[in-house]
K.L.:
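Once you've had a glance at the structure underneath, I'll fire off some questions.
Numbers restart at 1 for each chain; the letters A, B, ... are given by sequence-line order, proteins then strands.
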Amino acid sequence: MAIGAFVALVGFSRSFEQEWLRLYSSSGTDIAVVQKTFLNPSVDVSIEPRLTSVPVVAQVSPMLFNLMDLTPEVNALAFGWRADSYEFGSLTFLSGQRFENGKPQVIIGDALASTLNKKAGESLDIQGSSFTIVGIYRGGTALEAGAVILPLDQLQQLTSLQGKVSGFHVRLRPAPAGEAPDHYLKRAQKEIEAALPGLNAQSASERASNNQFVALAHAVAWGTSSIALLMGVLGIANTMAMSVFERTREIGILRAIGWKSSRIVLLIETEATVLGFAGGILGLFFGWGSLRLLSMLPQTASIVSASMDTGHLLEALGISVVSGILAGAYPAWRGSHLSPVEAIRHD
Amino acid sequence: MTSPLLEVRNLCKSYDEGRIEALRGVDLSITAGEYVAISGPSGSGKSTLLQLLGGLDTATTGEVLFQNAALGSAVNLDTYRARQVGFIFQAFYLLPTLTAIENVQVPMLALDLLPSNRAKRAESLLREMSMVHRLNQYPNQLSAGERQRVAIARALANAPSILMADEPTGNLDSVNSARIMEILIGIQKQRGMTLIIITHENEIACCAPRHIRIRDGRIES
(Lines give C-alpha, C1' and ligand atoms only; values in the text may rest on other atoms or scores of the structure.)
Protein backbone atom coordinates (compact mmCIF):
# COMPACT_ATOMS: atom_id res chain seq x y z
CA MET A 1 0.00 0.00 0.00
CA ALA A 2 2.82 2.37 0.90
CA ILE A 3 4.58 1.82 -2.40
CA GLY A 4 1.24 2.18 -4.18
CA ALA A 5 0.75 5.52 -2.46
CA PHE A 6 4.30 6.56 -3.38
CA VAL A 7 3.84 5.55 -7.02
CA ALA A 8 0.47 7.25 -7.29
CA LEU A 9 1.31 10.44 -5.41
CA VAL A 10 4.83 11.01 -6.68
CA GLY A 11 3.78 9.79 -10.12
CA PHE A 12 0.97 12.32 -10.04
CA SER A 13 3.28 15.19 -9.09
CA ARG A 14 5.89 14.18 -11.67
CA SER A 15 3.26 13.75 -14.33
CA PHE A 16 2.04 17.22 -13.43
CA GLU A 17 5.60 18.56 -13.78
CA GLN A 18 6.05 16.83 -17.15
CA GLU A 19 2.82 18.34 -18.41
CA TRP A 20 4.11 21.82 -17.48
CA LEU A 21 7.33 21.12 -19.33
CA ARG A 22 5.40 19.97 -22.38
CA LEU A 23 3.28 23.10 -22.18
CA TYR A 24 6.35 25.32 -22.41
CA SER A 25 8.01 23.33 -25.17
CA SER A 26 4.85 23.02 -27.28
CA SER A 27 4.42 26.81 -27.30
CA GLY A 28 8.11 27.37 -28.09
CA THR A 29 8.82 29.11 -24.80
CA ASP A 30 12.51 29.06 -23.95
CA ILE A 31 12.57 31.10 -20.76
CA ALA A 32 10.07 32.15 -18.10
CA VAL A 33 10.78 35.42 -16.31
CA VAL A 34 9.30 35.35 -12.80
CA GLN A 35 9.71 36.85 -9.36
CA LYS A 36 12.62 35.62 -7.26
CA THR A 37 10.58 35.53 -4.08
CA PHE A 38 8.17 32.66 -3.37
CA LEU A 39 5.61 34.64 -1.38
CA ASN A 40 5.22 37.41 -3.99
CA PRO A 41 4.66 35.46 -7.18
CA SER A 42 3.43 38.28 -9.44
CA VAL A 43 5.47 40.57 -11.66
CA ASP A 44 4.63 44.13 -12.71
CA VAL A 45 3.61 44.15 -16.37
CA SER A 46 5.27 47.55 -16.85
CA ILE A 47 8.73 45.96 -17.11
CA GLU A 48 7.82 44.42 -20.48
CA PRO A 49 9.58 47.04 -22.64
CA ARG A 50 12.87 46.48 -20.79
CA LEU A 51 12.55 42.73 -21.39
CA THR A 52 11.71 43.17 -25.08
CA SER A 53 14.78 45.35 -25.53
CA VAL A 54 17.22 42.60 -24.43
CA PRO A 55 19.03 41.62 -27.65
CA VAL A 56 18.55 37.82 -27.29
CA VAL A 57 14.77 38.18 -26.85
CA ALA A 58 12.66 37.57 -29.96
CA GLN A 59 9.14 37.54 -28.54
CA VAL A 60 7.56 38.15 -25.14
CA SER A 61 4.18 36.93 -23.88
CA PRO A 62 3.04 38.29 -20.53
CA MET A 63 0.83 35.68 -18.88
CA LEU A 64 -1.22 35.08 -15.77
CA PHE A 65 -2.43 31.73 -14.53
CA ASN A 66 -4.57 30.51 -11.70
CA LEU A 67 -6.86 27.66 -10.74
CA MET A 68 -10.50 28.66 -11.11
CA ASP A 69 -13.77 27.02 -10.06
CA LEU A 70 -16.04 26.58 -13.07
CA THR A 71 -18.69 24.42 -11.38
CA PRO A 72 -18.88 22.95 -7.86
CA GLU A 73 -17.29 19.76 -9.23
CA VAL A 74 -14.94 21.11 -11.88
CA ASN A 75 -12.01 23.44 -11.52
CA ALA A 76 -9.59 24.24 -14.28
CA LEU A 77 -6.36 26.04 -14.95
CA ALA A 78 -7.08 29.49 -16.34
CA PHE A 79 -4.47 31.25 -18.47
CA GLY A 80 -4.57 34.92 -19.26
CA TRP A 81 -2.91 35.80 -22.58
CA ARG A 82 -2.88 38.74 -24.89
CA ALA A 83 -4.80 38.14 -28.12
CA ASP A 84 -1.56 38.48 -30.14
CA SER A 85 0.49 36.10 -27.96
CA TYR A 86 2.84 33.71 -29.80
CA GLU A 87 1.57 30.95 -27.52
CA PHE A 88 -1.56 30.59 -29.68
CA GLY A 89 0.72 28.84 -32.16
CA SER A 90 0.57 25.63 -30.13
CA LEU A 91 -3.24 25.47 -30.31
CA THR A 92 -5.38 24.02 -33.11
CA PHE A 93 -8.86 25.46 -33.24
CA LEU A 94 -11.57 22.86 -33.62
CA SER A 95 -14.27 25.51 -33.78
CA GLY A 96 -14.53 29.27 -33.44
CA GLN A 97 -11.55 31.60 -33.19
CA ARG A 98 -9.33 33.60 -30.82
CA PHE A 99 -10.80 36.07 -28.36
CA GLU A 100 -10.29 39.81 -28.46
CA ASN A 101 -8.52 41.79 -25.75
CA GLY A 102 -10.81 43.61 -23.33
CA LYS A 103 -13.86 41.47 -24.09
CA PRO A 104 -15.51 38.89 -21.80
CA GLN A 105 -14.57 36.01 -24.08
CA VAL A 106 -12.82 32.71 -23.50
CA ILE A 107 -11.53 29.76 -25.46
CA ILE A 108 -11.54 26.33 -23.84
CA GLY A 109 -9.65 23.06 -24.43
CA ASP A 110 -11.46 20.13 -25.99
CA ALA A 111 -11.15 18.01 -22.85
CA LEU A 112 -12.73 20.76 -20.75
CA ALA A 113 -15.44 21.32 -23.36
CA SER A 114 -16.29 17.64 -23.17
CA THR A 115 -16.34 17.66 -19.36
CA LEU A 116 -18.58 20.75 -19.23
CA ASN A 117 -20.56 19.73 -22.32
CA LYS A 118 -20.05 23.16 -23.85
CA LYS A 119 -19.79 24.39 -27.43
CA ALA A 120 -18.53 27.57 -29.05
CA GLY A 121 -21.10 30.34 -28.68
CA GLU A 122 -22.34 29.19 -25.29
CA SER A 123 -21.65 31.01 -22.06
CA LEU A 124 -19.33 30.00 -19.25
CA ASP A 125 -19.43 31.28 -15.68
CA ILE A 126 -16.09 31.80 -14.03
CA GLN A 127 -16.35 32.69 -10.36
CA GLY A 128 -19.55 34.65 -10.84
CA SER A 129 -18.60 36.42 -14.08
CA SER A 130 -20.13 35.37 -17.39
CA PHE A 131 -17.99 34.82 -20.48
CA THR A 132 -18.76 33.77 -24.05
CA ILE A 133 -16.95 30.74 -25.42
CA VAL A 134 -15.64 31.98 -28.77
CA GLY A 135 -13.52 28.95 -29.61
CA ILE A 136 -12.65 25.39 -28.72
CA TYR A 137 -9.10 24.20 -29.31
CA ARG A 138 -6.99 21.10 -29.19
CA GLY A 139 -3.93 21.82 -27.09
CA GLY A 140 -0.43 20.39 -27.26
CA THR A 141 -0.67 19.07 -23.71
CA ALA A 142 -3.17 17.66 -21.22
CA LEU A 143 -2.82 20.89 -19.21
CA GLU A 144 -3.93 22.96 -22.20
CA ALA A 145 -6.65 20.51 -23.19
CA GLY A 146 -8.27 20.93 -19.78
CA ALA A 147 -7.71 24.68 -19.46
CA VAL A 148 -9.60 27.89 -20.16
CA ILE A 149 -7.75 30.77 -21.82
CA LEU A 150 -9.06 34.31 -21.59
CA PRO A 151 -7.77 37.80 -22.30
CA LEU A 152 -5.04 38.82 -19.86
CA ASP A 153 -6.93 41.92 -18.74
CA GLN A 154 -10.04 39.84 -18.01
CA LEU A 155 -8.15 37.39 -15.80
CA GLN A 156 -6.35 40.26 -14.08
CA GLN A 157 -9.76 41.69 -13.23
CA LEU A 158 -11.17 38.36 -12.04
CA THR A 159 -8.19 37.80 -9.72
CA SER A 160 -7.76 41.47 -8.67
CA LEU A 161 -4.25 41.54 -10.13
CA GLN A 162 -4.58 44.55 -12.42
CA GLY A 163 -1.19 45.51 -13.82
CA LYS A 164 0.33 42.22 -12.69
CA VAL A 165 1.24 38.96 -14.38
CA SER A 166 2.54 35.59 -13.15
CA GLY A 167 5.52 36.10 -15.43
CA PHE A 168 6.66 36.59 -18.98
CA HIS A 169 7.17 33.74 -21.41
CA VAL A 170 10.08 34.47 -23.70
CA ARG A 171 11.03 33.07 -27.07
CA LEU A 172 14.69 33.67 -27.85
CA ARG A 173 16.28 34.59 -31.15
CA PRO A 174 18.10 31.65 -32.80
CA ALA A 175 21.48 30.90 -31.26
CA PRO A 176 24.47 32.33 -33.15
CA ALA A 177 26.31 29.82 -35.33
CA GLY A 178 28.91 27.92 -33.34
CA GLU A 179 27.36 28.58 -29.93
CA ALA A 180 26.07 25.46 -28.16
CA PRO A 181 22.35 25.62 -27.29
CA ASP A 182 22.99 25.06 -23.55
CA HIS A 183 25.57 27.80 -23.45
CA TYR A 184 23.31 30.19 -25.38
CA LEU A 185 20.41 29.50 -23.01
CA LYS A 186 22.54 30.19 -19.93
CA ARG A 187 23.91 33.36 -21.50
CA ALA A 188 20.41 34.53 -22.36
CA GLN A 189 19.27 33.90 -18.76
CA LYS A 190 22.15 35.99 -17.43
CA GLU A 191 21.51 38.88 -19.84
CA ILE A 192 17.81 38.98 -18.97
CA GLU A 193 18.51 38.89 -15.22
CA ALA A 194 21.09 41.68 -15.66
CA ALA A 195 18.48 43.80 -17.45
CA LEU A 196 15.79 43.03 -14.87
CA PRO A 197 17.33 42.89 -11.38
CA GLY A 198 15.09 41.16 -8.84
CA LEU A 199 13.64 38.77 -11.38
CA ASN A 200 14.59 35.18 -12.27
CA ALA A 201 15.00 34.03 -15.84
CA GLN A 202 14.33 30.30 -15.68
CA SER A 203 14.63 27.79 -18.46
CA ALA A 204 11.46 25.89 -19.32
CA SER A 205 12.59 22.78 -17.42
CA GLU A 206 13.53 24.78 -14.31
CA ARG A 207 10.21 26.59 -14.41
CA ALA A 208 8.29 23.36 -14.88
CA SER A 209 9.83 21.87 -11.76
CA ASN A 210 9.45 24.84 -9.43
CA ASN A 211 6.28 26.70 -10.24
CA GLN A 212 4.05 27.01 -7.17
CA PHE A 213 1.57 24.33 -8.22
CA VAL A 214 4.26 21.78 -9.02
CA ALA A 215 6.27 22.61 -5.90
CA LEU A 216 3.16 22.16 -3.78
CA ALA A 217 2.25 18.92 -5.55
CA HIS A 218 5.78 17.55 -4.96
CA ALA A 219 5.73 18.56 -1.30
CA VAL A 220 2.34 16.97 -0.67
CA ALA A 221 3.26 13.84 -2.64
CA TRP A 222 6.56 13.25 -0.88
CA GLY A 223 5.20 14.22 2.52
CA THR A 224 2.20 11.95 2.29
CA SER A 225 4.03 9.04 0.73
CA SER A 226 6.82 9.34 3.32
CA ILE A 227 4.25 8.85 6.04
CA ALA A 228 2.77 5.92 4.12
CA LEU A 229 6.25 4.43 3.67
CA LEU A 230 6.95 4.76 7.37
CA MET A 231 3.74 2.88 8.09
CA GLY A 232 4.81 0.27 5.55
CA VAL A 233 8.22 -0.16 7.15
CA LEU A 234 6.63 -0.54 10.58
CA GLY A 235 4.23 -3.11 9.12
CA ILE A 236 7.04 -5.21 7.69
CA ALA A 237 9.04 -4.84 10.92
CA ASN A 238 6.08 -6.11 12.91
CA THR A 239 5.60 -9.04 10.54
CA MET A 240 9.27 -9.97 10.76
CA ALA A 241 9.30 -9.58 14.55
CA MET A 242 6.35 -11.98 14.80
CA SER A 243 8.06 -14.34 12.37
CA VAL A 244 11.24 -14.39 14.48
CA PHE A 245 9.19 -14.98 17.62
CA GLU A 246 7.27 -17.87 16.07
CA ARG A 247 10.47 -19.40 14.72
CA THR A 248 12.51 -19.02 17.90
CA ARG A 249 13.07 -22.75 18.24
CA GLU A 250 13.99 -23.08 14.56
CA ILE A 251 16.54 -20.29 14.98
CA GLY A 252 17.88 -22.03 18.08
CA ILE A 253 18.31 -25.28 16.13
CA LEU A 254 20.13 -23.45 13.35
CA ARG A 255 22.48 -21.86 15.87
CA ALA A 256 22.98 -25.20 17.61
CA ILE A 257 23.98 -26.99 14.40
CA GLY A 258 26.56 -24.36 13.53
CA TRP A 259 24.95 -21.33 11.90
CA LYS A 260 26.66 -18.09 12.81
CA SER A 261 24.77 -15.03 13.99
CA SER A 262 25.60 -13.31 10.70
CA ARG A 263 23.89 -16.07 8.73
CA ILE A 264 20.77 -15.73 10.87
CA VAL A 265 20.81 -11.97 10.15
CA LEU A 266 21.17 -12.72 6.43
CA LEU A 267 18.24 -15.17 6.57
CA ILE A 268 15.89 -12.72 8.26
CA GLU A 269 17.00 -9.70 6.23
CA THR A 270 16.56 -11.68 3.00
CA GLU A 271 13.01 -12.58 3.99
CA ALA A 272 12.26 -8.95 4.90
CA THR A 273 13.74 -7.73 1.62
CA VAL A 274 11.71 -10.21 -0.41
CA LEU A 275 8.62 -9.13 1.52
CA GLY A 276 9.39 -5.50 0.76
CA PHE A 277 10.06 -6.23 -2.90
CA ALA A 278 6.87 -8.26 -3.30
CA GLY A 279 4.95 -5.44 -1.66
CA GLY A 280 6.65 -3.07 -4.05
CA ILE A 281 5.48 -5.03 -7.09
CA LEU A 282 1.92 -5.09 -5.79
CA GLY A 283 2.22 -1.41 -4.94
CA LEU A 284 3.32 -0.61 -8.48
CA PHE A 285 0.15 -2.15 -9.86
CA PHE A 286 -1.94 -0.38 -7.26
CA GLY A 287 -0.22 2.94 -7.91
CA TRP A 288 -0.48 2.65 -11.68
CA GLY A 289 -4.17 1.76 -11.32
CA SER A 290 -4.70 4.85 -9.16
CA LEU A 291 -2.96 7.08 -11.71
CA ARG A 292 -5.08 5.57 -14.45
CA LEU A 293 -8.22 6.33 -12.46
CA LEU A 294 -7.07 9.89 -11.78
CA SER A 295 -6.37 10.43 -15.48
CA MET A 296 -9.98 9.51 -16.23
CA LEU A 297 -11.68 11.65 -13.60
CA PRO A 298 -12.91 15.07 -14.83
CA GLN A 299 -11.43 16.83 -11.83
CA THR A 300 -7.90 15.62 -12.50
CA ALA A 301 -7.80 14.50 -16.13
CA SER A 302 -6.22 17.77 -17.23
CA ILE A 303 -3.25 17.52 -14.94
CA VAL A 304 -2.30 13.85 -14.71
CA SER A 305 -1.40 11.12 -17.13
CA ALA A 306 -1.15 7.42 -16.32
CA SER A 307 2.24 6.97 -17.90
CA MET A 308 5.16 6.22 -15.60
CA ASP A 309 8.76 6.43 -16.63
CA THR A 310 11.26 3.64 -15.93
CA GLY A 311 13.16 5.83 -13.48
CA HIS A 312 10.08 6.29 -11.31
CA LEU A 313 9.34 2.55 -11.34
CA LEU A 314 12.91 1.68 -10.38
CA GLU A 315 12.84 4.34 -7.68
CA ALA A 316 9.68 2.82 -6.22
CA LEU A 317 11.15 -0.70 -6.27
CA GLY A 318 14.38 0.59 -4.78
CA ILE A 319 12.47 2.23 -1.95
CA SER A 320 10.51 -0.97 -1.33
CA VAL A 321 13.73 -3.01 -1.10
CA VAL A 322 15.38 -0.50 1.23
CA SER A 323 12.21 -0.41 3.32
CA GLY A 324 12.36 -4.19 3.66
CA ILE A 325 16.01 -4.08 4.73
CA LEU A 326 15.36 -1.34 7.30
CA ALA A 327 12.28 -3.11 8.62
CA GLY A 328 14.17 -6.39 9.04
CA ALA A 329 17.10 -4.85 10.89
CA TYR A 330 15.81 -5.09 14.48
CA PRO A 331 14.14 -8.52 14.11
CA ALA A 332 17.35 -9.81 12.48
CA TRP A 333 19.48 -8.46 15.32
CA ARG A 334 17.14 -9.95 17.87
CA GLY A 335 17.08 -13.33 16.13
CA SER A 336 20.84 -13.47 15.85
CA HIS A 337 21.29 -12.79 19.56
CA LEU A 338 19.00 -15.54 20.79
CA SER A 339 20.78 -17.99 23.06
CA PRO A 340 20.73 -21.38 21.25
CA VAL A 341 19.76 -23.36 24.32
CA GLU A 342 17.00 -20.96 25.40
CA ALA A 343 15.69 -20.74 21.86
CA ILE A 344 15.52 -24.51 21.53
CA ARG A 345 13.51 -24.72 24.76
CA HIS A 346 11.01 -22.12 23.44
CA ASP A 347 7.51 -23.50 22.83
CA MET B 1 50.13 -38.55 28.52
CA THR B 2 47.77 -37.45 25.76
CA SER B 3 46.36 -33.96 26.33
CA PRO B 4 42.59 -33.97 26.64
CA LEU B 5 40.37 -32.97 23.73
CA LEU B 6 37.85 -31.48 26.12
CA GLU B 7 38.48 -30.30 29.63
CA VAL B 8 36.21 -28.74 32.18
CA ARG B 9 37.61 -26.83 35.17
CA ASN B 10 35.52 -25.93 38.21
CA LEU B 11 32.49 -25.48 36.02
CA CYS B 12 29.46 -23.82 37.60
CA LYS B 13 26.18 -22.93 35.97
CA SER B 14 23.31 -21.25 37.72
CA TYR B 15 19.98 -19.83 36.57
CA ASP B 16 17.41 -17.42 37.87
CA GLU B 17 20.03 -15.05 39.30
CA GLY B 18 21.81 -17.83 41.14
CA ARG B 19 18.73 -19.35 42.75
CA ILE B 20 19.08 -22.57 40.72
CA GLU B 21 22.53 -24.17 40.65
CA ALA B 22 22.62 -26.67 37.82
CA LEU B 23 26.37 -27.40 38.06
CA ARG B 24 28.50 -26.87 41.14
CA GLY B 25 32.19 -27.01 40.42
CA VAL B 26 32.54 -29.85 37.86
CA ASP B 27 36.00 -31.00 36.77
CA LEU B 28 36.27 -33.40 33.88
CA SER B 29 38.53 -34.26 30.98
CA ILE B 30 37.78 -36.30 27.87
CA THR B 31 40.41 -37.51 25.44
CA ALA B 32 40.01 -37.72 21.67
CA GLY B 33 38.23 -40.83 20.47
CA GLU B 34 36.70 -41.63 23.85
CA TYR B 35 33.15 -42.90 24.24
CA VAL B 36 31.67 -41.45 27.43
CA ALA B 37 28.20 -41.94 28.86
CA ILE B 38 26.93 -39.44 31.42
CA SER B 39 23.96 -40.48 33.52
CA GLY B 40 22.11 -39.17 36.54
CA PRO B 41 18.63 -38.56 37.86
CA SER B 42 16.38 -35.91 36.42
CA GLY B 43 17.64 -32.41 37.29
CA SER B 44 21.14 -33.61 38.11
CA GLY B 45 22.75 -31.24 35.57
CA LYS B 46 23.74 -33.76 32.91
CA SER B 47 22.04 -31.94 30.01
CA THR B 48 23.45 -28.63 31.24
CA LEU B 49 26.94 -30.14 31.26
CA LEU B 50 26.49 -31.40 27.69
CA GLN B 51 25.20 -28.02 26.52
CA LEU B 52 28.27 -26.31 27.98
CA LEU B 53 30.59 -28.92 26.45
CA GLY B 54 28.81 -28.40 23.11
CA GLY B 55 29.09 -24.60 23.21
CA LEU B 56 25.33 -24.12 23.26
CA ASP B 57 25.52 -22.15 26.48
CA THR B 58 28.13 -20.37 28.55
CA ALA B 59 29.21 -21.10 32.11
CA THR B 60 28.52 -18.86 35.06
CA THR B 61 32.03 -19.51 36.36
CA GLY B 62 34.77 -21.94 35.41
CA GLU B 63 35.82 -22.84 31.91
CA VAL B 64 35.47 -25.35 29.15
CA LEU B 65 38.62 -25.99 27.13
CA PHE B 66 38.79 -27.49 23.68
CA GLN B 67 42.33 -28.53 22.78
CA ASN B 68 43.53 -26.35 25.66
CA ALA B 69 41.78 -23.25 24.36
CA ALA B 70 38.89 -21.71 26.31
CA LEU B 71 35.53 -21.85 24.60
CA GLY B 72 33.96 -18.45 24.18
CA SER B 73 37.24 -16.57 24.31
CA ALA B 74 40.09 -18.33 22.50
CA VAL B 75 37.63 -20.50 20.59
CA ASN B 76 34.70 -18.87 18.81
CA LEU B 77 31.53 -20.71 19.81
CA ASP B 78 29.87 -20.46 16.38
CA THR B 79 32.92 -21.91 14.65
CA TYR B 80 33.28 -24.61 17.33
CA ARG B 81 29.65 -25.71 16.91
CA ALA B 82 29.91 -25.61 13.09
CA ARG B 83 33.16 -27.54 12.71
CA GLN B 84 33.88 -29.59 15.82
CA VAL B 85 30.55 -30.64 17.28
CA GLY B 86 27.66 -32.70 15.95
CA PHE B 87 24.64 -32.46 18.25
CA ILE B 88 21.81 -34.98 18.46
CA PHE B 89 18.72 -34.13 20.47
CA GLN B 90 16.11 -36.30 22.17
CA ALA B 91 13.35 -34.53 20.23
CA PHE B 92 15.30 -34.77 16.93
CA TYR B 93 14.61 -31.07 16.09
CA LEU B 94 14.50 -31.52 12.35
CA LEU B 95 13.25 -28.48 10.42
CA PRO B 96 9.68 -29.39 9.44
CA THR B 97 9.58 -27.49 6.15
CA LEU B 98 12.67 -29.22 4.75
CA THR B 99 13.03 -32.76 3.39
CA ALA B 100 15.42 -35.28 4.92
CA ILE B 101 18.20 -34.50 2.45
CA GLU B 102 17.67 -30.76 2.90
CA ASN B 103 17.82 -31.08 6.68
CA VAL B 104 21.16 -32.85 6.43
CA GLN B 105 22.52 -30.05 4.22
CA VAL B 106 21.57 -27.22 6.61
CA PRO B 107 24.78 -27.37 8.72
CA MET B 108 26.84 -27.41 5.53
CA LEU B 109 25.57 -23.91 4.68
CA ALA B 110 27.67 -22.66 7.59
CA LEU B 111 30.76 -23.83 5.66
CA ASP B 112 29.70 -22.35 2.28
CA LEU B 113 30.00 -25.62 0.36
CA LEU B 114 28.85 -25.74 -3.26
CA PRO B 115 25.23 -26.94 -3.66
CA SER B 116 26.26 -29.99 -5.70
CA ASN B 117 28.82 -31.00 -3.08
CA ARG B 118 26.30 -30.50 -0.30
CA ALA B 119 23.71 -32.69 -1.98
CA LYS B 120 26.24 -35.46 -2.70
CA ARG B 121 27.54 -35.49 0.85
CA ALA B 122 24.02 -35.44 2.32
CA GLU B 123 22.96 -38.38 0.17
CA SER B 124 26.06 -40.31 1.17
CA LEU B 125 25.37 -39.76 4.87
CA LEU B 126 21.74 -40.79 4.52
CA ARG B 127 22.84 -43.90 2.63
CA GLU B 128 25.06 -44.73 5.59
CA MET B 129 21.99 -44.38 7.82
CA SER B 130 20.00 -46.67 5.45
CA MET B 131 17.76 -43.72 4.64
CA VAL B 132 18.43 -43.34 0.93
CA HIS B 133 14.83 -44.36 0.12
CA ARG B 134 13.55 -41.44 2.23
CA LEU B 135 15.65 -38.59 0.87
CA ASN B 136 12.73 -36.42 -0.20
CA GLN B 137 10.37 -37.14 2.66
CA TYR B 138 9.46 -34.49 5.19
CA PRO B 139 9.95 -35.15 8.91
CA ASN B 140 6.23 -35.64 9.48
CA GLN B 141 6.35 -38.48 6.94
CA LEU B 142 9.10 -40.35 8.85
CA SER B 143 8.88 -42.61 11.86
CA ALA B 144 10.62 -41.60 15.10
CA GLY B 145 13.54 -43.92 14.43
CA GLU B 146 13.92 -42.58 10.90
CA ARG B 147 13.88 -39.02 12.15
CA GLN B 148 16.65 -39.74 14.59
CA ARG B 149 18.72 -41.33 11.83
CA VAL B 150 18.29 -38.21 9.74
CA ALA B 151 19.32 -36.19 12.81
CA ILE B 152 22.46 -38.30 13.17
CA ALA B 153 23.28 -37.77 9.49
CA ARG B 154 22.81 -34.04 10.02
CA ALA B 155 25.11 -34.12 13.05
CA LEU B 156 27.82 -35.73 10.86
CA ALA B 157 27.37 -33.21 8.02
CA ASN B 158 30.49 -31.17 8.74
CA ALA B 159 32.66 -34.12 9.80
CA PRO B 160 32.92 -33.03 13.43
CA SER B 161 35.47 -34.41 15.85
CA ILE B 162 32.90 -34.77 18.63
CA LEU B 163 29.42 -36.25 18.56
CA MET B 164 27.19 -35.24 21.45
CA ALA B 165 23.84 -36.88 22.00
CA ASP B 166 21.35 -35.75 24.63
CA GLU B 167 19.06 -38.72 25.40
CA PRO B 168 19.14 -39.89 21.75
CA THR B 169 16.84 -42.82 22.51
CA GLY B 170 14.51 -40.95 24.85
CA ASN B 171 11.64 -40.82 22.33
CA LEU B 172 12.20 -44.25 20.79
CA ASP B 173 10.94 -47.75 21.47
CA SER B 174 13.40 -50.46 22.50
CA VAL B 175 13.97 -51.78 18.98
CA ASN B 176 14.76 -48.36 17.56
CA SER B 177 16.78 -47.44 20.64
CA ALA B 178 19.03 -50.43 20.11
CA ARG B 179 19.38 -49.59 16.44
CA ILE B 180 20.31 -45.98 17.12
CA MET B 181 22.87 -46.96 19.71
CA GLU B 182 24.35 -49.47 17.30
CA ILE B 183 24.70 -46.70 14.70
CA LEU B 184 26.28 -44.25 17.14
CA ILE B 185 28.78 -46.73 18.49
CA GLY B 186 29.57 -47.92 14.97
CA ILE B 187 30.28 -44.35 13.84
CA GLN B 188 32.42 -43.71 16.88
CA LYS B 189 34.58 -46.77 16.19
CA GLN B 190 34.85 -46.35 12.42
CA ARG B 191 35.71 -42.68 12.51
CA GLY B 192 37.57 -42.56 15.79
CA MET B 193 35.24 -39.80 16.94
CA THR B 194 34.73 -38.70 20.49
CA LEU B 195 31.21 -39.69 21.55
CA ILE B 196 29.46 -38.24 24.59
CA ILE B 197 25.99 -39.52 25.37
CA ILE B 198 23.60 -38.31 28.03
CA THR B 199 21.24 -41.05 29.11
CA HIS B 200 19.10 -42.09 31.99
CA GLU B 201 19.04 -45.68 30.72
CA ASN B 202 21.38 -47.86 32.75
CA GLU B 203 21.82 -50.45 30.03
CA ILE B 204 23.21 -47.78 27.67
CA ALA B 205 25.37 -46.12 30.32
CA CYS B 206 26.88 -49.33 31.57
CA CYS B 207 27.95 -50.42 28.09
CA ALA B 208 30.07 -47.33 27.56
CA PRO B 209 33.82 -47.72 28.22
CA ARG B 210 33.57 -44.72 30.53
CA HIS B 211 30.53 -43.98 32.61
CA ILE B 212 30.25 -40.71 34.55
CA ARG B 213 27.53 -40.37 37.17
CA ILE B 214 26.30 -36.91 38.07
CA ARG B 215 24.02 -35.90 40.91
CA ASP B 216 22.93 -32.48 42.19
CA GLY B 217 25.32 -30.71 39.86
CA ARG B 218 28.41 -32.65 40.95
CA ILE B 219 30.21 -35.65 39.53
CA GLU B 220 29.81 -38.69 41.75
CA SER B 221 32.03 -41.08 39.84
K.L.:
Which atoms of B:F92 come close to chain A, meaning under 4.5 Å heavy atom to heavy atom: side chain ones, backbone ones, both, or neither?
P.N.:
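For B:F92, there is no contact with chain A at all, as no heavy atom is under 4.5 Å.
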
K.L.:
Given B:M164, which partner from the list B:I198, B:V36, B:V85, B:L56 fulfils the side-chain contact (heavy atoms from CB on, under 4.5 Å) test?
P.N.:
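One option only clears the test, and that one is B:V85.
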
K.L.:
Return the minimal non-hydrogen interatomic distance between A:G252 and A:A343, and the atom names on each side.
P.N.:
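Smallest interatomic distance, heavy atoms only, reads CA-CB, 3.4 Å.
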
K.L.:
What part of B:F89 gets closer than 4.5 Å to chain A, counting heavy atoms only: side chain, backbone, both or neither?
P.N.:
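Contact with chain A involves the side chain of B:F89 alone.
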
K.L.:
With a 4.5 angstrom heavy-atom cut-off, which part of A:I257 approaches chain B: side chain, backbone, both or neither?
P.N.:
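Both backbone and side chain of A:I257 come within 4.5 Å of chain B.
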
K.L.:
Under 4.5 Å heavy-atom distance to chain A, tell me which part of B:R83 shows up: side chain, backbone, both or neither.
P.N.:
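Neither part.
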
K.L.:
When you check the side-chain N and O atoms of B:Q84 and B:S161, is any donor under 3.5 Å from an acceptor?
P.N.:
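Side chains of B:Q84 and B:S161: pair found under 3.5 Å.
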
K.L.:
Quick check on B:L95 against chain A: is it the side chain, the backbone, both or neither that has a heavy atom closer than 4.5 Å?
P.N.:
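For B:L95, the contact with chain A is made by the side chain alone.
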
K.L.:
What pairs with A:T239 under side chain to side chain contact (heavy atoms under 4.5 Å, CB included), at least two apart in sequence or on another chain?
P.N.:
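With neighbours one apart ignored, the set is A:L275.
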
K.L.:
What pair of heavy atoms forms the shortest contact from A:E269 to A:A329, and how long is it?
P.N.:
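Scanning both residues, the minimum pair turns out to be OE2-CA, 3.4 Å.
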
K.L.:
So what's closer than 4.5 Å to chain B heavy atoms on A:S261: side chain, backbone, both or neither?
P.N.:
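Both parts, backbone and side chain.
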
